[in-house]
Amino acid sequence: MAVVKHSHGPIESDREGSDTDRLFRLGASVLAYNESTVFVKKRLEEPLTLKDAIAQLRGEYDLILVEGLKGSDIDKIWLLREGEEQIDETISNVIAALPWGENRRAEALIAIKKLFLEKYQREL
């Protein structure tokens, strides 16, 4: 599984004032890694679209989740915040709206499975 995270603000990958933070602010691309993890932060010449971001991950993962981009036309599982009763009427393509609580993970997996079977079962 992979997650594409969209942010309207700056992406924080390092603590402010560290060597890698200062180098990135000076224009360097940064690849940080250890024995089991890698993180790349670089500036783009042109804005990355959701389609392009997913294309970079496709083929390597069975499931790609997208966090953010609530205005997009992709199918959504909406996670209601604590105290929220319903989603905003302007949000489209919501296949499930899950209330705040302990069972959201299981309910989200059920919604993903249902969507997958409805959209792709014919192809299997």
Side-chain angles (χ1 to χ4, degrees):
M1 178 177 80
V3 176
V4 173
K5 165 86 170 127
H6 178 263
S7 176
H8 290 286
I11 297 173
E12 300 298 326
S13 60
D14 203 0
R15 68 185 191 289
E16 189 173 334
S18 69
D19 290 343
T20 52
D21 175 63
R22 287 195 304 270
L23 289 167
F24 183 77
R25 290 174 191 265
L26 289 171
S29 293
V30 175
L31 185 147
Y33 74 99
N34 64 20
E35 293 77 22
S36 62
T37 306
V38 66
F39 186 90
V40 178
K41 185 174 179 181
K42 64 181 184 176
R43 288 175 180 76
L44 301 173
E45 305 252 338
E46 296 181 24
L48 188 69
T49 66
L50 176 59
K51 183 178 180 179
D52 293 337
I54 290 172
Q56 290 186 22
L57 299 170
R58 188 172 281 136
E60 191 173 345
Y61 299 95
D62 295 325
L63 176 64
I64 301 172
L65 300 178
V66 176
E67 183 181 349
L69 294 168
K70 62 185 177 185
S72 71
D73 63 353
I74 62 173
D75 293 322
K76 299 169 187 70
I77 298 173
W78 194 267
L79 303 176
L80 294 166
R81 292 188 171 111
E82 190 170 16
E84 250 184 337
E85 297 291 324
Q86 60 187 21
I87 64 169
D88 183 330
E89 298 172 358
T90 63
I91 306 302
S92 65
N93 296 44
V94 176
I95 62 166
L98 305 180
W100 186 265
E102 293 181 22
N103 293 329
R104 291 196 326 174
R105 185 175 300 146
E107 291 175 21
L109 290 173
I110 290 168
I112 291 168
K113 182 178 179 180
K114 180 181 175 189
L115 174 67
F116 179 83
L117 291 174
E118 288 174 357
K119 286 199 167 198
Y120 303 105
Q121 188 172 26
R122 294 180 297 270
E123 297 174 19
L124 298 175

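The structure displayed is predicted, hence computed values, not measured ones. If you read the sequence from its start, that first residue is 1, and numbering goes on from there.
- Side chain to side chain, D52 and T49 meet the donor-acceptor criterion of an N or O pair below 3.5 Å.
- Residues L48 and Q56 are in side-chain contact: their nearest non-hydrogen atoms beyond the backbone lie under 4.5 Å apart.
- Contact check for P99 versus E84: no side-chain heavy atoms found under the 4.5 Å cut-off.
- Residue D62 qualifies as open at atom CG: its count of foreign heavy atoms under 6.0 Å is 12 or below.
- Residues H6 and L50 have side chains not in contact (no heavy-atom distance under 4.5 Å, counting atoms from C-beta outward).
- Looking at R104, its side chain does come within 3.5 Å of a backbone N or O of L80 through a donor-acceptor pair.
- Here the CG-NZ distance, from L23 to K41, works out to 11.5 Å after rounding to the nearest 0.5 Å.
- Hydrophobic clustering of Ile, Leu, Val, Met, Phe, Trp and Tyr side chains at less than 4.5 Å, counting indirect connections, keeps M1 apart from L69.
- With contacts defined as side-chain heavy-atom distances shorter than 4.5 Å, the pair L65/I112 qualifies.
- Under the 4.5 Å side-chain heavy-atom criterion for grouping Ile, Leu, Val, Met, Phe, Trp and Tyr, L26 is not connected to F24 through any hydrophobic cluster.
- Taking the side chain as every heavy atom from C-beta outward, R22 and D19 approach each other to under 4.5 Å.
- The closest side-chain heavy-atom distance from N93 to I74 is not below 4.5 Å.
- Residue R43 qualifies as enclosed at atom CZ: its count of foreign heavy atoms under 6.0 Å is above 12.
- The environment of K5 atom NZ is dense: over 12 non-hydrogen atoms of other residues, nucleotides or ligands sit within 6.0 angstrom.
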